[in-house]
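A short worksheet on the structure shown next.
Worth saying up front: this structure is predicted, and the values here are computed from it rather than measured. We count ligands from 1, going down the list as the structure has it; atoms in each ligand are counted the same way.
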Amino acid sequence: MSLVNRRVLLVITGGIAAYKTLDLIRRLREQGAAVRAILTEAATQFVTPLAVQTLTGEKVYRDIFALTDESEMGHLRLAQEADIVVVAPATADMLAKMAVGIADDLASTALLATDKMILVAPAMNHRMWLNEATQANVARLTMRGIKCVGPNTGSLAEGETGPGRMAEPLEILSAIELLVADGPLKGRRALVTSGPTHEAIDPVRFLANRSSGKQGHAIASALAHAGAETVLISGPTAEPDPLGVRVHHVESARDMLKACEAALPVEIAVCAAAVADWRVEPAPQKIKKNGGLPVLRLEENPDILATLSRPGNLRPRLVIGFAAETENLIAHARKKREAKGCDWIVANDVSPAMSTFGSDNNTVHLIDANGVEDWPPQSKREVAASLTRRIVDFFAA
Ligand code: CTP
């Protein structure tokens with residue numbers, strides 16, 4: 001019951017994905033939320049007002065000119081009496097209206113009249129989603145602080161495949177929880193590093209490693225879901241920015257350290273990035289082949305985990321590192337915990353046989369001052385959730 005006392009105004013626009021919104025209503029109610037719904041005219045072609053009314057247990061709002069609607073609940077009150085306004089599905093048409101501020105029916109008027117948090121779950125044909133116009137509208141909405149969940153890639157209503165499927169009800173629920181629920185880490189600040197770093201050799205080449213950023217990003221997302229105000233300092237990855245997390249994108253180890261120091265003070269720091277241990281002084285111009293074999297002089301990069309772990313006023317209360325090892329996993333990880341001065345270390349085997357890099361799964365061991373916990377093989381998301389539970393317990397103790 002994560003949404004007790006939370007009020008959701010759900011705007012349902014006209015897309016086939018509207019049938020999934022009925023399931024979303026059920027799940028929101030299960031979590032204790034009060035749900036009011038506005039249906040656009042087009043939405044009523046896909047779901048009936050009666051179905052929505054039955055599931056919400058509330059009158060369904062449709063018509064801006066209905067006198068009874070206005071006298072019982074004007075569109076301004078409707079929008080203001082919610083903690084969050086969720087548009088699911090959000091058609092290309094509604095996103096366009098929101099982007100420019102058109103208010104020509106109850107749904108778009110309520111969206112223009114609210115200063116509450118807005119979450120959109122786009123759903124449309126992939127060509128409509130990829131169209132420059134839609135992308136520009138979404139970018140404009142995001143810039144205004146409107147949150148977006150999905151769309152997912154998969155088979156679409158017309159038998160085609162591509163990005164445009166509305167996020168699943170559970171994903172939308174999770175995004176709503178992230179935005180309005182009180183988690184156990186509410187009021188705490190967390191910093192997470194993720195991904196590889198790139199160290200320039202010249203303007204076109206760099207030193208890098210195989211880190212995908214999946215584990216670090218999943219941890220940032222899990223901490224944010226638990227209510228922590230989370231900053232993610234990410235090296236170059238293909239992972240999307242997690243919802244509800246402030247993300248700083250950096251390239252090199254030195255940039256990552258600078259961004260981490262700027263994010264202090266925090267109570268929780270998780271260093272999951274595979275920071276390049278060495279850098280070179282980058283050549284100002286592209287190194288040419290005809291100049292003979294180049295020699296790269298490696299210099300050591302700053303150690304971010306060790307820097308954050310140093311005693312001092314700004315030391316986070318809980319500093320967690322990762323130990324990526326290809327042999328003697330536990331022994332090396334224990335030594336690393338001591339050498340770097342962090343509180344916990346998550347040891348993971350990155351030998352080729354484990355194919356940890358880029359994969360969705362991870363087998364890890366949590367090492368603290370008391371010893372070693374062997375965790376079962378889990379998905380990276382589950383590892384993130386387990387680690388977050390341990391962090392919650394730490395602060396509860
Ligand atoms: N780390 C860091 N800054 C660095 C190198 C590593 O913050 N310059 C952090 C990583 O984010 C991780 C931990 O230190 O949390 C251990 O990283 P790992 O790559 O396993 O170890 P290294 O310190 O690089 O040591 P080695 O390469 O010798 O195993």
Side-chain angles (χ1 to χ4, degrees), residues 190-200 206-220 222-223 230-237 239 248-264 266 268-280 298-310 312 314-316 318-352 354 356-358 362-368 372 375 380 383-384 387-388 390-391:
L191 161 70
V192 180
T193 70
S194 182
T197 63
H198 285 182
E199 309 295 329
F206 55 82
L207 298 172
N209 60 63
R210 293 184 192 278
S211 168
S212 64
K214 282 186 178 164
Q215 186 62 79
H217 278 57
I219 291 169
L223 288 170
T230 307
V231 180
L232 172 66
I233 318 287
S234 172
T237 78
E239 287 294 294
H248 291 285
H249 295 274
V250 296
E251 288 264 325
S252 70
R254 286 192 293 180
D255 293 345
M256 187 173 272
L257 175 61
K258 238 186 259 162
C260 287
E261 287 175 330
L264 297 178
V266 298
I268 306 154
V270 184
C271 291
V275 184
D277 291 321
W278 304 286
R279 66 173 183 276
V280 295
L298 299 177
E299 286 176 67
E300 195 162 331
N301 263 330
D303 192 309
I304 298 167
L305 176 60
T307 309
L308 293 175
S309 301
R310 244 180 247 147
L314 285 177
R315 188 194 192 277
L318 182 62
V319 183
I320 306 170
F322 270 72
E325 308 291 346
T326 56
E327 51 167 2
N328 295 335
L329 177 61
I330 302 297
H332 280 160
R334 276 199 155 123
K335 261 192 222 145
K336 227 170 239 180
R337 190 183 81 84
E338 277 166 28
K340 304 209 181 203
C342 58
D343 302 295
W344 302 350
I345 205 148
V346 182
N348 64 342
D349 187 339
V350 292
S351 58
M354 298 299 289
T356 303
F357 281 122
N362 210 352
T363 305
V364 304
H365 311 263
L366 183 73
I367 302 177
D368 65 8
V372 184
W375 290 4
K380 288 184 176 173
V383 168
L387 188 64
T388 300
R390 290 286 268 108
I391 294 172

Exam field: side chain [X] to backbone [Y], donor-acceptor pair closer than 3.5 Å:
X	Y	answer
Glu199	Ala253	yes
Asn348	Asn362	no
Arg315	Ser309	yes
Ser194	Ser234	no
Glu239	Lys214	no
Asp255	Val250	no
His332	Glu327	yes

Any atoms of ligand 1 less than 4.0 Å from a non-hydrogen atom of [X]? List them with their elements.
X	result
Cys271	11 (O), 12 (C), 15 (O)
Ala323	20 (O)
Ala324	20 (O)
Ala273	10 (C), 11 (O)
Pro302	3 (N), 4 (C), 8 (N)

In terms of residue, atom name and distance, what is the protein heavy atom nearest to [atom]?
atom	result
atom 6 (C) of ligand 1	Lys340 NZ, 3.5 Å
atom 18 (P) of ligand 1	Lys336 NZ, 3.4 Å
atom 5 (C) of ligand 1	Asp277 OD1, 3.6 Å
atom 7 (O) of ligand 1	Leu305 N, 2.7 Å
atom 13 (C) of ligand 1	Phe322 O, 2.9 Å

Legend entry - SB check Lys336 Asp303 (cutoff 4.0 Å):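 Looking at Asp303 together with Lys336, the answer is no, because their closest N to O distance does not fall below 4.0 Å.
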
Legend entry - Short N or O distance, Gly321 and ligand 1, threshold 3.5 Å exclusive: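 By distance alone, the answer is no.
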
Legend entry - Per-atom contact, atom 3 (N) of ligand 1, protein heavy atoms, under 4.0 angstrom: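 Yes, because at least one protein heavy atom sits under 4.0 Å from atom 3 (N) of ligand 1.
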
